[in-house]
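Below: the structure, in C-alpha cells.
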Amino acid sequence: MRAISVRRGHPLLTTALKINPQSPIDHLLAMFADWGGLLQYYLAMGVDLSKLIERIPKAELHLHIEGTLEPELMLALAQRNQIELPYADVDEIRRAYEFSDLQSFLDIYYAGAAVLITEQDYYDLTWAYLERAASDNVRHVEIFFDPQTHTDRGISFATVIYGIYRALQDGETNLNITFRLIMCFLRHLSADDAMNTLEEALPHKSCIHAVGLDSSEVGHPPSKFVAVFDRAREEGFLTVAHAGEEGPPEYIWEALDLLKVERIDHGVRAIEDAKLVARLVDEKMPLTVCPLSNLKLRVFNTLEEHNLKELLDAGLCVTINSDDPAYFGGYIGENFRQSQRALGLSAEDIYLLAKNAFIASFISDGDKKRYIQELEMAMK
Ligand code: ADE
Ligand code: ZN
C-alpha cells in the first residue's frame, strides 16, 4: 500500500493520463502506467542494503554533541558531579523520551545537559560519540555545540571547548575521523546574548570553523540574528542555520538571504515552496536532513511519509544525519537503514546521500576527493 501513496497525485501521471489522484481506480491505472518505476521501487524495498550502508564511509554534518548524551553516561556524570536527576535509572530516562514536538524535546535535552560540568565530562561525552560514529564507519564529523547551554549555568567557555576539542583531536589521531566544530546560538535567547557568545568565542577562533542557529524555531526567525551572523562572517566563520524543521519556508529564505548560510539544517519544509526548491537546486545548497529526529519530533507521522526521497529526486543536495541520536533512537547508520527500508532507497540513492555529505562538508577539495574515492571503492 505504501507504493500507492508514493505515486498518488504524481503530477506527471495525473496530467498525462488525466486521472483523478483521489480515485482508487484511476490510481490503479496510474500504477500500471508507471509499472517500471513501481517495479524498481519494490525491488529497492526488497533488497537488503544494510551491508552496503554499514561499509560505506560516511560524513555526519548535523550532530549536536549534547544530543549524544546516552542515559548511562547521564547517570554516571550525575553521580560523579553529585547532581540529582529526576530519574531513578536508565529505563526511567528512556521512558521520558516521548516527545510531541521540538519544544517538548528541548526541555528534556537542556535539563539533561546539566550533568556536564568539567572539561573531562565534555571530553567523555565527545569521545563516546566518536567511538559510536567509528562503528558506523563515519570518517568525517562536523559537530554542533551550544555554549549558552553551559555558560548560562556558570561553566566557562574554555572548559566546554577544551573538552570537546581534545576528544576530537584524539578521534582524528586514534579513530581516523576528521572533524570541524560548529558553534550554535540558541535562537530562543536574545540577539545580544548571541553577540556576547560570539565575542567569548573569539579567543578560541582557531578551533571553531562555523557558526549555526538552533533551539526553538517558530517565533525566532533567522532575521533576529542578522547582526551576529554579519559579525561572525567578518571574523571568518562560515555560517549554517536550522530552518524549515518546524518553521515555514520563509525562514529558509531568510537563512539564505540574510544569514548567507552554506547549508540549511533540516530544511524539509522547503518542499512547500516550489520557487525555494528551484533555488536550492540551482545553488546546490545542501540540506542536512535528520529522518529519525523528524519522526520522533513528529515533523512526519511515519518514516514512510518522510520527504527525503522526494527532495533527493527533485535534485537537492540531501544528506542523512542523526541530530540528537541519544534522544531519537538511532545514530547515522540507523538513520540510513531505517530510511532505506521505509522509503525504498536504492543503492544509487545511498551512494548519492553519502557522496552529498562529503561534497557539502567544510573540508578541502583534496579531502573531499579522497573520501569520495573511498566511497566509490566501497560501492563495488
Ligand atoms: N537542538 C538540538 N536539536 C535540535 C533540533 N532538532 N532543532 C533545533 N534545535 C536543536
Ligand atoms: Zn539539529
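FYI, side chains are in, hydrogens and waters are out, and symmetry mates aren't considered; it's all heavy atoms of this structure. Counting starts at 1 for both ligands and their atoms, in listed order.
Remark: of the listed residues Gln148, His150, Met183, Met183 is the sole one forming a side chain to side chain contact (heavy atoms under 4.5 Å, CB included) with Phe157.
Contact annotation: for Asp146 versus ligand 1, there are no heavy atoms closer than 4.0 Å. Residue contacts with ligand 1, taken as heavy atom pairs separated by less than 4.0 Å, involve Glu245 solely via side-chain atoms from C-beta onward. Of the heavy atoms in His266, only side-chain atoms (C-beta onward) come closer than 4.0 Å to ligand 1. Residue Phe144 does not touch ligand 1, judged by heavy-atom distances below 4.0 Å.
A salt bridge links Glu72 and Arg94; the closest N-O separation between the charged side-chain nitrogens and carboxylate oxygens is under 4.0 Å.
No hydrogens or angles considered: nothing links the side chains of Ser361 and Tyr371 as a donor-acceptor pair under 3.5 Å. If you check the side chains of Gln103 and Asp107, you find a donor sitting under 3.5 Å from an acceptor. No side-chain donor from either of Asn356 and Thr319 sits under 3.5 Å from a side-chain acceptor of the other. Thr173 and Asp170 share no donor-acceptor pair across their side chains, judged by distance under 3.5 Å alone. Asp152 and Tyr110 share no side-chain donor-acceptor pair at under 3.5 Å.
Draw a line from the Zn ion (ligand 2) to NE2 of His242 and another to NE2 of His62, and the angle between them is 90° (to 10°).
Within the 4.5 Å cutoff, side-chain heavy atoms of Val289 are placed close to those of Pro291.
Nearest non-hydrogen protein atom to atom 6 (N) of ligand 1 is Asp323 OD2, 2.7 Å. Nearest to atom 1 (N) of ligand 1 among the protein's heavy atoms is His64 CE1, 3.5 Å. In terms of protein heavy atoms, atom 3 (N) of ligand 1 is closest to Asp324 OD2, 2.6 Å. The shortest contact between atom 9 (N) of ligand 1 and any protein heavy atom is with Ser215 N, 2.8 Å.
Within ligand 1, counting atoms from 1 as listed, the ones closer than 4.0 Å to a heavy atom of Phe105 are 2 (C), 3 (N). Per-residue contacts place Leu106 under 4.0 angstrom from the following atoms of ligand 1 (heavy atoms of the residue considered): 1 (N), 10 (C).
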| request: Step by step, work out the ring-ring contact (aromatic ring centres under 6.0 Å, His included) result for His266 and His242. | output: CA-CA 6 Å; His266 293 294; His242 282 54; 5.3 Å; yes
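His64 contributes atom NE2 as its closest N/O/S atom to the Zn ion (ligand 2). The atom of Asp323 nearest to the Zn ion (ligand 2) is OD1, with the search restricted to N, O or S atoms.
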